[in-house]
Amino acid sequence: MRLVRRALRHLEPYEPVEPVEVLAGRLGVPRDRIVKLDGNENPYGPSPRVLEALARADSYHIYPDPAQRAVRRALAAYTGLPEEMIVAGNGSDEIIDLLCRLFLEPDDAVIDCVPTFGMYAFSAQVCGGCVANVPRLPDQGYRVDVGAVAERVDGRTKIIFLASPNNPTGNLLSREELDALLSLGPLVVVDEAYGEFAGETFLPLVRERENLVVLRTFSKWAGLAGIRAGYGVMPPRIASLVMAIKPPYNLTVPAEVAILASLADRELLLERVRRLVAERERLFEALRGVPYLEPLPSRANFVLCRVLRGDARLLRDRLQERGIFVRYFRRPLLENFIRVSVGRPQDTDALVAALHDLGGELEHA
Ligand SMILES: *Cc1c(COP(=O)(O)O)cnc(C)c1O
């Protein structure tokens, strides 16, 4: 133990969602009976063309292209930005990690606008950095407190992380807020993991700014969470440094194949995105009809709900007994909440029926 880096001896591990087999095994039900609404995954899965391409590919015994040529070219066409500004990774999580490795000296800081996605703080700490938490404003829809961020920036601040839409609150960063944050000096990383669902993006702005990075992933809109395929768009000089420090074969051959086939079938995938967005609105209205819940408007593929009466964790457990998996939160600024991913219409129906059914039980618990 004494040989381990001091900063890592007591690191809080990242809290991942559990595999569906584990969930099904615990309940003793078949896998297809599980309504999995806890990981913001895509219930429709990958495009059928991805599955065909994966079955057909004949180069799994060969190392992938360290320069990611074909993938960066396809992503350039998709984003409308040059290949020199794009780096693909083993999920966008890897790009978060690579940016921390590139920018953080020991004791440098990142700013985390909480509540938000856990990977920013996790990667910063693993890389030896400190995390300055700046609370979002719960009374204003969890908007970023730009003034408070400005006050926290000092000579050691290297990166400001923001998710837009934010996970788990579902709200967007505005252009005015982003401009104010960019003017502070540190690198601003805008994580658009749910960008396709929001239909809004800051991608074109990356060309004009020296300190803006936008992250994207195939995990949510394209249903590739298990393949691990994400990318970052950044100024060319930063991109070439990230390319230089990344593990040479970080983007696997299956990920390459799946990215290219997904982009070739984007009409179908974006049609599914539209279906999920429509289902999100139906889910939101149905959750509004549950007397003990208050859903928050969302631009992503999940809805966060304040649990007004009863305990959110107990609600999570009761739903779980019925094979329905959601996430619960009990932490500062998210004291008693559940987050529900948008599923298929039958998933919404099962969830909402269970919520109505459980109502009385929870209030008397
Ligand atoms: C799901 C999620 C990711 C994960 O991306 P991967 O490409 O699967 O690593 C990144 N950022 C946010 C905000 C997410 O919610």
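Residue indices begin at 1 and follow the sequence shown. When a ligand or atom number is given, it counts from 1 through the structure's own listing order. Being a predicted model, the structure only gives us computed values, none of them experimental.
Remark: the R339 side chain and the N167 side chain contain an N/O donor-acceptor pair separated by less than 3.5 Å. The closest side-chain donor-acceptor pair between E41 and S341, if any, does not fall under 3.5 angstrom. When only modelled atom types and interatomic distance are considered, N250 and Q68 share a side-chain donor-acceptor pair under 3.5 Å.
Residue contacts with ligand 1: M119 is excluded, as none of its non-hydrogen atoms falls under 4.0 Å. Under a 4.0 angstrom heavy-atom cut-off, E94 registers as lying outside contact with ligand 1. Ligand 1 has no atom lying under 4.0 Å from any heavy atom of N40. Look at F218 and you'll find every heavy atom at least 4.0 Å from all atoms of ligand 1.
For CZ of R282, the number of neighbouring non-hydrogen atoms (other residues, nucleotides, ligands) closer than 6.0 Å is greater than 12.
For ligand 1, the polar-atom distance check finds no N/O of N90 at less than 3.5 Å from any of the ligand's N/O atoms. Taking any N or O of Y120, backbone or side chain, none lies under 3.5 Å from an N or O belonging to ligand 1.
Which parts of ligand 1 touch D93 is read off a 4.0 Å heavy-atom cut-off, strictly below it: atoms 4 (C), 5 (O), 9 (O). Taking a cut-off of under 4.0 Å to the non-hydrogen atoms of R228, the atoms of ligand 1 that pass are 6 (P), 8 (O), 9 (O). The distance from ligand 1 to the heavy atoms of K220 drops below 4.0 Å at these ligand atoms: 1 (C), 2 (C), 3 (C), 4 (C), 14 (C), 15 (O). Residue G91 approaches ligand 1 through these ligand atoms, each under 4.0 Å from one of its heavy atoms: 6 (P), 7 (O), 9 (O). Of all atoms in ligand 1, numbered sequentially from 1 with element shown, those under 4.0 Å from a heavy atom of S219 are 6 (P), 7 (O), 8 (O).
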Decide ring-ring contact (aromatic ring centres under 6.0 Å, His included) for Y120 and F161; before the verdict, give the C-alpha distance in whole Å, the side-chain angles of both, and the deciding distance to 0.1 Å.
-> CA-CA 7 Å; Y120 316 132; F161 280 107; 4.8 Å; yes

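Remark: minimum distance from atom 5 (O) of ligand 1 to any protein heavy atom is reached at S92 OG, 2.9 Å. For atom 15 (O) of ligand 1, the nearest non-hydrogen atom of the protein is Y194 OH, 2.6 Å. For atom 13 (C) of ligand 1, the closest non-hydrogen atom on the protein side is D191 OD2, 3.4 Å.
For the atom pair K220 NZ and N40 CG, the distance stands at 6.0 Å (nearest 0.5 Å). Here the CZ-CD distance, from R216 to E192, works out to 4.5 Å after rounding to the nearest 0.5 Å.
Electrostatic pairing of R209 and D179 counts as a salt bridge here, judged by a charged N lying under 4.0 Å from a carboxylate O.
Checked against the 6.0 Å centroid threshold, Y194 and F302 count as a close aromatic pair.
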